[in-house]
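Keep in mind that this is a model prediction, so the values were computed, not measured. Residue numbers start from 1 in every chain, and the chains themselves are labelled A, B, ... in the order their sequence lines are given, proteins ahead of strands.
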Number of protein chains: 2
Amino acid sequence: MSVSGHAGGTGGRRAASIRDVASAAGVSHQTVSRVINGHPSVRASTRARVEAAIADLGFRRSATAHALARGRSESVTVLTPNTVHHGYAAALQGIEEAARAASYMVGISVLDSDREPVVREALARAAGTGGGVIVIAYDRPGVRALELAPAGMPLVAAVETPAEPPPAGSPWVWTDDREAAREVTRHLLGLGHRTVHYVAIPSTTRTGGGAQRAAGWRAALTAAGAPVPEPVAGGWGPAEGYTAGRELARDPAVTAVLCGNDALALGLLRAFAEAGRDVPGEVSVAGFDDAPHAAFLTPSLTTVRLDFAGLGRACFALLHGLLQQGEPVAPHPVAAPRLILRESTGPRRG
Amino acid sequence: MSVSGHAGGTGGRRAASIRDVASAAGVSHQTVSRVINGHPSVRASTRARVEAAIADLGFRRSATAHALARGRSESVTVLTPNTVHHGYAAALQGIEEAARAASYMVGISVLDSDREPVVREALARAAGTGGGVIVIAYDRPGVRALELAPAGMPLVAAVETPAEPPPAGSPWVWTDDREAAREVTRHLLGLGHRTVHYVAIPSTTRTGGGAQRAAGWRAALTAAGAPVPEPVAGGWGPAEGYTAGRELARDPAVTAVLCGNDALALGLLRAFAEAGRDVPGEVSVAGFDDAPHAAFLTPSLTTVRLDFAGLGRACFALLHGLLQQGEPVAPHPVAAPRLILRESTGPRRG
DNA sequence: CTGAAAGCGCTTACAG
DNA sequence: CTGAAAGCGCTTACAG
């Protein structure tokens, strides 16, 4: 064995190809292809020679050529409205983790508009990679992408809890945030609060209001015979939570608030602190997600832990299966949400 | 014009190729190639016919075939230790934004080990895409990737403020966090604090301690003739900040603490609150980054705003230039950090 | 200004 | 078990 072919090379000479390996091993490039693809019908001694040549030359199969010849690449493109908010970032982390373990490349493509040409362009670019696609479809751009995706495209989606059972064969996954919202709302009612106000994250549906999280909240109130206040329009971040908090702090009837996510809750807590409204003494506050900051706020935040990283891993697993077998897979929920009780919720006083 | 070739198609028939366009337009596929590449020497009428056929068939150039033929693809792979912590997530956001505007695909590859085979594998996979590479090199895995990258690889790095002027032609960018650390430390000293304690983020260097941020902090203390306390080992997240905070809260001599990032500061504030140490009454606390939560904590957090999204955009711009012209580019700092004064820092009392 | 030929590095039938 | 041929969809010289 020579010591020449240092993997990674000096950038000077071009990378070894399948033919270089073939001539080094004294076989045809076709046989090399069989070896690198683990094809069974290769004599052991031949295989050994080829493998030695591969190691010697530091050969790596060109993913590009492989993709062109096969018409399919080992990669996945994630279509997501953003990469920074907790749930999205964590889902992306889970996808990358699973993809890396399977030696898939992962591409990201931020989809921040639901205009048809924009969505079509994003889909076409994703399709152009020859890999699979994972759509994070919690908002209109994502839902639009699902609607506009061509039929044959290998595609998996993370969606909100479907209002009704999805069509069989829809490759969808979700966490049951409707049930989670119901649970946290019941917790609040159980503490003696007459009702629970809701600060909404932006929603998929035309009707607005945080869709399934709002639906679960509403269901719990209704089941308990509690009045259902108008949801307060929120957003994704602390600034919107702060705005909502200033509004709610003015109303002395408000004793319990559920926020559509922990970032909103952070801003809301700040607004309550400024207004001199004690949490949880006067008002209980709960969030959603169990984002990294939730446990360390003062007061620490009662919230619902959602396993977005697990959701991301499930998305990839589903897509991987779909890419291998081509068979449609059953939609299914993943990783049950869990209520985390902390300091920000307490019994109603007075 | 027929209405058949609906872009995106029905997944049924395969995508139109350059030859399909050619025969539809009555030219050779070579001429189609000229048109899609904006080659000047094509008769206007020919160009028009080809463009009509392209629109009609919904033709899109195969990125894969293009990459194979050219030996280079229009994509960038980001090598980063993680995708979720604020600075990394924001840098990634900036990269994606700039890349999308230039019609580049962006891939991500998390590099969480500095073991040589792991780093080589990540580099090889990135190189295999035929695109450029951006390394986020704030820690050992990233620095190792820079060391092991083959010479010819089109590569740009986001690095810590270099201790000495980097070799000319190093395609590096950074924010001047050393100067930023100096500035916030001076602010604290100016409030009357005898010294400033430092909770470190993990560092690149063997010596540990947050490298350039620590260096700036130390420089400011030394310049002021203040004692230099041993830095407290922190980490990336609130949990580590909490641990450090419990330790520092025990020492009554501690009146000012600088945290290597805002997530650490969050945990530290919690620890101080639990210990009954008033901020900023008894102790001043400052952070780094101006992460989204900083402005909404109680007390709100004095910090240094670092423009990571701008850093990400600068990385892509540099790489894009490098990919086009092949000329080496000068290393340079981007977006000056800015001190943001909030409630968590105040004059020393007693 | 335009076309015929060869090639990028693989894989997929088809022979033997 | 192994090789010669054709092809994936583009681009790059080379002719004309």
Ionic contact status for [Y] with [X], cut-off 4.0 Å:
X: Asp114(B); Y: Arg144(B); value: no
X: Arg313(A); Y: Glu96(A); value: no
X: Asp112(A); Y: Arg100(B); value: yes
X: Arg60(A); Y: Glu121(B); value: yes

Can you measure from [atom1] ([X]) to [atom2] ([Y]) and round to the nearest 0.5 angstrom?
X: Leu68(A); Y: His66(B); atom1: CG; atom2: NE2; value: 13.0 Å
X: Phe308(A); Y: Tyr88(A); atom1: CZ; atom2: OH; value: 8.0 Å
X: Ile108(B); Y: Leu92(A); atom1: CD1; atom2: CG; value: 4.0 Å

Report task. Whole angstrom is fine here: how far is it from CZ in Arg47(B) over to P in dC1(C)? Result ->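 It is 9 Å, rounded to the nearest whole Å.
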Query raised in the report: How long is the line joining CZ of Arg72(A) and P of dG9(D), in whole Å?
Result: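 Whole-Å distance recorded here is 13 Å.
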Requested in this report: Heavy atoms only: give me the nearest Pro141(A)-Val119(A) pair and the separation to one decimal.
Outcome: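 Taking every non-hydrogen atom into account, O-CG2, 4.4 Å.
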Report task. Pull out every stem in DNA chain D, meaning runs of 3 or more consecutive Watson-Crick or G-U wobble pairs with both distances under 3.5 Å. Result ->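 DNA chain D stems, ordered by first number: C:1-3 with D:14-16, C:5-12 with D:5-12, C:14-16 with D:1-3.
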Would you say [X] reaches [N]'s phosphate, i.e. side-chain N/O to OP1/OP2 under 4.0 Å?
X: Ser28(A); N: dT2(D); result: no
X: Thr46(B); N: dT2(C); result: yes
X: Thr31(A); N: dT2(D); result: no

Report summary line: Heavy-atom contacts, protein to nucleotides 10-16 of chain D, under 4.0 Å, summarised as B (base), S (sugar-phosphate only) or - (none) per nt, yield BBBB---
**Report entry** Most 5' of Leu68(B) and Val27(B) on DNA chain C, judged by nearest nucleotide
**Finding:**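 The residue whose closest nucleotide sits nearer the 5' end is Val27(B).
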Query raised in the report: Nearest nucleotide by nearest heavy atom, which residue falls closer to the 5' end of DNA chain C, Ser45(B) or Thr64(A)?
Result: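 Its nearest nucleotide lies further toward 5', so the answer is Ser45(B).
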